[in-house]
Amino acid sequence: MNPVTRRKFMTGGLVAAGGVAGLAVADRLAKRYGLLPPDSGELYGAGATLTYAAQRLLTTHSLAREFAKSQISEKPFANAVAPGNVEFKQHEAAGFADWKLTVEGMVARPTVFSMSDLKAMPVKSQVTEIACEEGWSYVAEWMGTPLAGVLNEVGVLPEARYMVYWSMDKNWWDSVDMGDALHPQTLLAMGMNDGALPVPFGGPLRLRVSRQLGYKSVKYITRLTFTDTMRGVGGPPGKMPEYSYSWFAGI
Ligand SMILES: Nc1nc2c(c(=O)[nH]1)N[C@H]1C(S)=C(S)[C@@H](COP(=O)(O)O)O[C@H]1N2
Ligand SMILES: [Mo]
């Protein structure tokens with residue numbers, strides 16, 4: 001079963017087991033404890049809320065599986081090539097020397113980081129699997145700086161609930177809650193398999209969200225926005241939710 005089918009299957013099971021009364025209770029609890037995903041009013045409705053709430057309650061501190069270097073896939077599959085826009089091509093021609101990451105919104109110190117700022121921050125590497133909702137996956141080593149350190153530097157306000165992240169690939173954006181933004185395996189990835197992060201895999205800068213499906217690991221990141229609500233950010237909470245894929249894609 002691919003991850004999406006399995007997800008629907010599990011959610012279906014929870015809904016069937018919970019029954020209508022169970023759903024009402026789950027809904028009340030989810031609201032009280034802030035466990036409603038921002039797409040809960042959409043297609044997945046109660047099922048998405050149950051999945052998200054259950055995972056958040058049970059696995060808040062859990063880690064995505066890490067692999068040995070010997071398990072790194074020989075031929076990782078990149079499903080996207082470089083963004084076609086002129087702006088990206090100019091950056092690529094310049095070796096990404098002027099690539100910037102803007103951090104804004106509910107932060108004490110809005111900051112623009114250069115690539116050398118980010119490279120000067122603590123380095124972490126981890127070997128994890130990236131899985132696409134379409135059924136394929138690969139294991140790779142990702143090098144970068146833990147996002148939590150960057151968030152510490154800008155002082156994310158306690159009211160912030162979501163981080164929206166934007167790509168230079170103009171159609172792509174997504175968002176995660178603070179649990180995933182601050183998670184120790186969430187990286188601003190700049191390297192892969194002992195080298196610089198190749199463009200097809202999101203170079204120069206990719207957000208690696210290790211506990212969710214591949215589509216949450218957006219490539220060519222330029223901006224992070226912290227917010228307490230997804231309303232007014234500009235439609236659905238991400239590119240894939242726009243196509244009715246679940247916002248929360250925990251694995
Ligand atoms: N900017 C951008 N990020 C993206 C995508 C994309 O098309 N553009 N595809 C997403 C999807 S659907 C998946 S499954 C993964 C695929 O990662 P890979 O190309 O390293 O295999 O990247 C995600 N990040
Ligand atoms: Mo994907």
Side-chain angles (χ1 to χ4, degrees), residues 1-8 39 44 64-67 71-92 96 99-102 115 118 125-144 147 163-176 180-181 185-225 233-251:
M1 248 187 256
N2 76 34
V4 170
T5 318
R6 195 175 68 221
R7 165 159 306 286
K8 282 188 184 142
D39 61 346
Y44 285 76
R65 180 175 171 195
E66 297 201 15
F67 296 77
Q71 290 169 292
I72 290 172
S73 306
E74 263 173 43
K75 288 202 176 84
F77 176 76
N79 83 331
V81 284
N85 55 53
V86 176
E87 197 185 2
F88 185 86
K89 286 187 177 135
Q90 284 169 348
H91 276 286
E92 189 174 13
F96 300 114
W99 193 270
K100 301 272 193 300
L101 179 71
T102 301
M115 287 302 287
L118 296 175
S125 90
Q126 65 198 23
V127 181
T128 52
E129 183 174 49
I130 185 161
C132 174
E133 77 292 349
E134 290 175 17
W136 47 266
S137 67
Y138 65 86
V139 172
E141 180 176 28
W142 304 90
M143 281 96 72
L147 182 64
M163 178 183 83
V164 189
Y165 42 103
W166 313 85
S167 171
M168 191 173 285
D169 204 357
K170 281 290 184 307
N171 295 321
W172 277 87
W173 82 102
D174 215 309
S175 54
V176 286
D180 264 329
Q185 289 172 315
T186 299
L187 290 188
L188 282 170
M190 294 171 271
M192 185 184 177
N193 297 342
D194 288 330
L197 184 61
V199 167
F201 292 98
L205 193 62
R206 178 178 197 175
L207 188 72
R208 185 68 186 102
V209 181
S210 304
R211 293 195 306 174
Q212 296 202 43
L213 287 178
Y215 60 79
K216 303 299 278 192
S217 289
V218 172
K219 306 171 183 186
Y220 326 115
I221 292 291
T222 55
R223 193 152 53 100
L224 311 176
T225 310
V233 173
K239 174 73 174 172
M240 296 298 266
E242 191 175 67
Y243 298 122
S244 296
Y245 277 83
S246 174
W247 171 78
F248 180 68
I251 47 176

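Start at 1 and go down the list; that is how both ligands and their atoms are numbered. Just so it is clear, the model here is predicted, and its values are computed rather than measured.
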What donor-acceptor contacts under 3.5 angstrom involve side-chain atoms of residues 188-204, with partners at least two apart or in another chain?
residue	atom	partner	partner atom	Å
Asn193	OD1	Glu141	N	2.8

Checklist entry - How are the rings of Trp99 and Phe96 set to each other: parallel, tilted or perpendicular (split at 30° and 60°)? => result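 Perpendicular: the ring planes of Trp99 and Phe96 meet at over 60°.
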Checklist entry - What class does the angle between the rings of Tyr245 and Tyr215 fall in, given that below 30° is parallel, 30 to 60° is tilted and above 60° is perpendicular? => result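 The arrangement is perpendicular - the two ring planes meet at more than 60°.
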Item to check | Charged N-O contact under 4.0 Å between Asp180 and Arg211 | outcome: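 Salt bridge: yes.
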Checklist entry - What's the verdict on ring-ring contact (aromatic ring centres under 6.0 Å, His included) for Tyr165 and Tyr220, showing C-alpha distance, side-chain angles and the deciding distance? => result CA-CA 10 Å; Tyr165 42 103; Tyr220 326 115; over 10 Å; no
Checklist entry - Any donor-acceptor pair under 3.5 Å linking the side chain of Lys216 with the backbone of Trp247? => result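 Yes, the answer is positive, given that a donor and an acceptor are paired below the 3.5 Å cut-off.
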As a test of reading the model: which N/O atoms of the protein lie under 3.5 Å from N/O atoms of ligand 1, and at what distance?
residue	atom	partner	partner atom	Å
ligand 1	1 (N)	Ser167	OG	3.4
ligand 1	1 (N)	Asp169	OD2	3.3
ligand 1	1 (N)	Lys219	O	3.3
ligand 1	3 (N)	Lys219	N	3.0
ligand 1	7 (O)	Trp172	NE1	3.2
ligand 1	8 (N)	Asp169	OD2	3.1
ligand 1	8 (N)	Trp172	NE1	3.3
ligand 1	17 (O)	Arg206	NH2	2.8
ligand 1	19 (O)	Asn79	N	2.9
ligand 1	19 (O)	Asn79	OD1	3.3
ligand 1	19 (O)	Lys219	NZ	2.5
ligand 1	20 (O)	Tyr138	OH	2.5
ligand 1	20 (O)	Arg206	NH1	3.0
ligand 1	21 (O)	Phe77	O	2.5
ligand 1	22 (O)	Arg206	NH2	3.0
ligand 1	24 (N)	Ser217	O	3.0

